[in-house]
**Q** 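Okay, handing you the structure first.
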Amino acid sequence: MSKFDFDLFVIGAGSGGVRAARMSASFGARVAVAESSRLGGTCVNLGCVPKKLMVYASAFSSAAKDAVGFGWNVEPPTFDWATLIANKDREIERLNGIYRGLLEGTGVQIIEGRATLTDRHTVEVAGECFTAETILVATGGRPFKSEIPGHELSITSDQIFHLEKQPKRAVIAGGGYIAVEFAGILNGMGSEVTLVYRGPLFLRGFDDDVRTTLAEEMRKRGIDLRFNTLIEKIERSDDGLAVSTSNGEVLEVDEVLSAMGRTPNTFGLGLEGAGVELTDRGAVVVNEAFQSTTPNIYAIGDCIDRIALTPVALAEGMALAETLFNNNPSTVDYTNVASAVFSQPPIGTVGLTEAEARDAGFDLDIYRSSFRPMVHTLSGRDEKTMMKLIVDRSTDRVLGVHMVGSDAGEILQGIAIALKAGATKATFDRTIGIHPTAAEEFVTMRTPVE
Ligand SMILES: Cc1cc2nc3c(=O)[nH]c(=O)nc-3n(C[C@H](O)[C@H](O)[C@H](O)COP(=O)(O)OP(=O)(O)OC[C@H]3O[C@@H](n4cnc5c(N)ncnc54)[C@H](O)[C@@H]3O)c2cc1C
């Protein structure tokens with residue numbers, strides 16, 4: 001008999017924690033998971049899922065406009081925020097139940113409440129102590145807010161999913177993917193949206209052609225993008241909130257969404273007391289095997305601050321369970337992780353950006369195509385799709401693929417498999433396209449633009 005209550009105690013039932021808990025249990029470990037909020041974590045409750053449902057909701061307004069050119073007679077549609085939020089909540093409750101079933105089905109004990117470490121083998125939840133041979137920190141991240149005067153009047157992505165009323169006028173502060181996605185969501189629902197970002201262009205880290213194309217397209221849809229601009233203060237006004245910017249303007253709005261990034265959720269967990277080293281940003285320092293500086297304490301997911309995406313947290317949870325309880329030492333390969341931004345139009349991306357490839361010293365061929373997608377020849381919408389291939393001239397290997405346009409996330413998932421398999425430009429060229437699609441452009445670009 002082990003001297004511990006559990007073989008593995010997981011703190012946080014989000015993407016990474018649930019995967020690690022249930023896989024470990026399926027390999028025969030005795031597992032508990034503590035969750036202070038709702039099962040499924042950020043992705044299910046306050047991230048990917050509700051966000052994507054809201055993206056779908058917001059896209060119907062442009063679909064209705066586009067339908068006219070195809071012969072439809074569409075009354076100007078109206079949108080009811082409360083219906084969407086209620087339907088979205090119902091779906092999330094269903095998913096919470098599925099997560100409970102997945103955990104209980106593999107014999108994982110769910111412990112409700114906030115967990116803290118009292119020593120390297122003991123976790124306290126609501127006054128009760130549990131011991132475990134191995135502890136896994138999978139506590140995710142939380143939104144970061146800058147301390148400008150009046151910041152308490154702003155909301156974060158955590159709150160926007162539960163607002164009672166649609167903000168008809170909104171300022172979004174930030175330039176990351178969450179800021180861009182909510183700008184599109186609210187704009188599609190008919191709100192007036194101003195996005196304020198301190199840098200010269202949003203989506204730092206994405207390919208420059210992607211960034212400029214999306215900025216152009218968002219402006220065409222009526223989103224007011226203010227770059228090189230700071231929010232200096234937020235005050236209550238007669239009519240909502242008054243947002244003062246560094247350009248000397250005052251924007252009158254109903255809500256300010258602060259989307260200025262996320263920090264690892266490790267504060268007050270008792271990690272330092274158990275000898276676990278944290279970075280300056282509060283991320284748990286781990287080695288390749290996700291082991292912290294205290295050998296029986298591991299960490300995965302957003303709280304280790306590598307790539308903050310659900311499929312990455314899932315892969316880390318899987319690798320850890322394989323290593324610890326299936327006698328199969330596993331790591332995660334972080335190269336060519338594809339991702340999407342569910343902006344309108346969306347972005348899909350995998351591999352190196354042109355700037356990253358040049359900085360790494362590659363001699364490059366760049367293939368780029370910008371065209372009006374077929375659907376808009378009749379809809380009349382002035383929207384361009386942009387596709388780009390970054391190719392290493394000396395080996396012909398495709399180093400990066402980027403797209404802004406309809407279904408970019410869906411298309412890039414397939415392309416990511418090709419890159420993972422080491423596809424060269426010649427492989428792309430030998431591939432026969434699917435006609436008529438936008439995606440076929442990826443296999444028909446023949447002449448480098450640079
Ligand atoms: C608005 C938004 C949109 C996003 N969209 C996407 C997307 O489209 N695609 C994508 O791949 N990723 C997206 N993400 C990121 C994705 O949600 C995260 O990368 C993913 O959820 C990380 O999983 P995790 O297991 O590390 O942490 P989380 O899913 O955050 O889970 C951590 C869990 O730990 C719990 N917890 C924290 N502290 C304690 C404690 N002391 N005791 C008990 N429980 C605790 C939390 O309540 C939470 O449930 C989005 C994130 C946000 C905020």
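Here the structure is a predicted model, which is why all the values come from computation and not from measurement. Start at 1 and go down the list; that is how both ligands and their atoms are numbered. Position 1 is the first residue of the sequence; numbering continues from there.
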**Q** Which residue and atom name correspond to the protein heavy atom nearest atom 51 (C) of ligand 1, and how close is it?
**A** Tyr177 OH, 3.6 Å

**Q** Check whether any heavy atom of Lys52 sits under 4.0 Å from an atom of ligand 1.
**A** no

**Q** Go through Val31 and Phe6 one step at a time and tell me if the side-chain contact (heavy atoms from CB on, under 4.5 Å) criterion holds.
**A** CA-CA 6 Å; Val31 183; Phe6 297 101; 5.9 Å; no

**Q** Counting only heavy atoms, which portion of Arg114 has something under 4.0 Å from ligand 1: side chain, backbone, both, or neither?
**A** both

**Q** Looking only at heavy atoms of Gly113, does any of them come nearer than 4.0 Å to an atom of ligand 1?
**A** yes

**Q** To the nearest 0.1 Å, how far is atom 33 (C) of ligand 1 from its closest protein heavy atom, and which atom is that?
**A** Glu35 OE1, 3.6 Å

**Q** Just need the protein heavy atom nearest to atom 9 (N) of ligand 1, so name the residue and atom and give the distance.
**A** Cys48 SG, 3.7 Å

**Q** What I want to find out is whether Arg169 reaches Asp254 closely enough, with some N-O distance under 4.0 Å, to be called a salt bridge.
**A** yes

**Q** State whether a side-chain donor-acceptor pair under 3.5 Å links Arg226 with Tyr197.
**A** no

**Q** Counting only heavy atoms, which portion of Thr310 has something under 4.0 Å from ligand 1: side chain, backbone, both, or neither?
**A** both

**Q** Near Ser37, which atoms of ligand 1 are under 4.0 Å from a heavy atom of that residue?
**A** 47 (O)

**Q** Specify side chain, backbone, both or neither for Asp302, according to which of its non-hydrogen atoms lie closer than 4.0 Å to ligand 1.
**A** both

**Q** Which atoms of ligand 1 are found less than 4.0 Å from any heavy atom of Cys43?
**A** 17 (O), 21 (O)

**Q** Could you tell me if the side chain of Leu230 sits less than 4.5 Å from the side chain of Thr245, heavy atoms only?
**A** no

**Q** Below a 4.0 angstrom heavy-atom separation, can you tell me which part of Ala138, side chain or backbone, both or neither, approaches ligand 1?
**A** backbone

**Q** Assess the residue pair His376 and Ser379 against the criterion (side-chain hydrogen bond (donor to acceptor under 3.5 Å, both in side chains)); give the C-alpha distance rounded to whole Å, side-chain angles, the decisive distance to 0.1 Å, and a yes or no.
**A** CA-CA 5 Å; His376 296 316; Ser379 79; 2.7 Å; yes

**Q** Nearest protein heavy atom to atom 2 (C) of ligand 1, by residue and atom, and its distance?
**A** Gly47 CA, 3.4 Å

**Q** If you measure every N/O of Glu181 against every N/O of ligand 1, is any gap under 3.5 Å?
**A** no

**Q** What about Ser15: any of its N or O atoms under 3.5 Å from an N or O on ligand 1?
**A** yes

**Q** Which residue holds the protein heavy atom closest to atom 27 (O) of ligand 1, what is that atom called, and what is the gap in Å?
**A** Gly140 CA, 3.2 Å

**Q** Answer yes if the ring centres of Phe202 and Phe227 are under 6.0 angstrom apart, and no otherwise.
**A** yes

**Q** Does a donor on one side chain and an acceptor on the other come within less than 3.5 Å for Gln344 and Ser62?
**A** no

**Q** If you have a sec, work out which protein heavy atom is nearest atom 53 (C) of ligand 1 and how many Å separate them, to one decimal?
**A** Arg262 NH1, 3.3 Å

**Q** Check Ile11 against ligand 1 and report side chain, backbone, both or neither, counting heavy atoms closer than 4.0 Å.
**A** side chain

**Q** About how many Å separate CD of Glu181 and OG of Ser343, when rounded to the nearest 0.5 Å?
**A** 7.0 Å

**Q** Would Glu124 and Thr116 count as having a side-chain donor-acceptor pair, cut-off 3.5 Å?
**A** no

**Q** Given 3.5 Å as the limit, does a donor-acceptor pair link the side chain of Asp5 with the main chain of Thr131, or not?
**A** yes

**Q** Give the contacting part of Leu269 toward ligand 1: side chain, backbone, both or neither, where contact means a heavy-atom distance below 4.0 Å.
**A** side chain

**Q** Under 4.0 Å from a heavy atom of Pro311: give me the atoms of ligand 1 that qualify, with their elements.
**A** 11 (O)

**Q** Is it the case that Asp209 and His402 place a side-chain donor and acceptor less than 3.5 Å from each other?
**A** no

**Q** Does the separation of the ring centres of Phe161 and Phe182 fall below 6.0 angstrom?
**A** yes

**Q** Under a 4.0 angstrom heavy-atom cut-off, which atoms of ligand 1 come close to Gly16?
**A** 25 (O)

**Q** Heavy atoms only: which of Gly41, Ser36, Gly14 lies closest to atom 45 (C) of ligand 1?
**A** Ser36

**Q** Among all residues two or more places apart in sequence or in another chain, which pass the side-chain contact (heavy atoms from CB on, under 4.5 Å) test with Leu314?
**A** Ser15, Arg19, Thr310

**Q** Please report which non-hydrogen protein atom sits nearest to atom 34 (O) of ligand 1, along with the residue it belongs to and the distance in Å to one decimal place.
**A** Gly12 CA, 3.2 Å

**Q** Considering non-hydrogen atoms of the protein only, which is the closest contact for atom 38 (N) of ligand 1, and what is the distance?
**A** Thr139 CG2, 3.4 Å

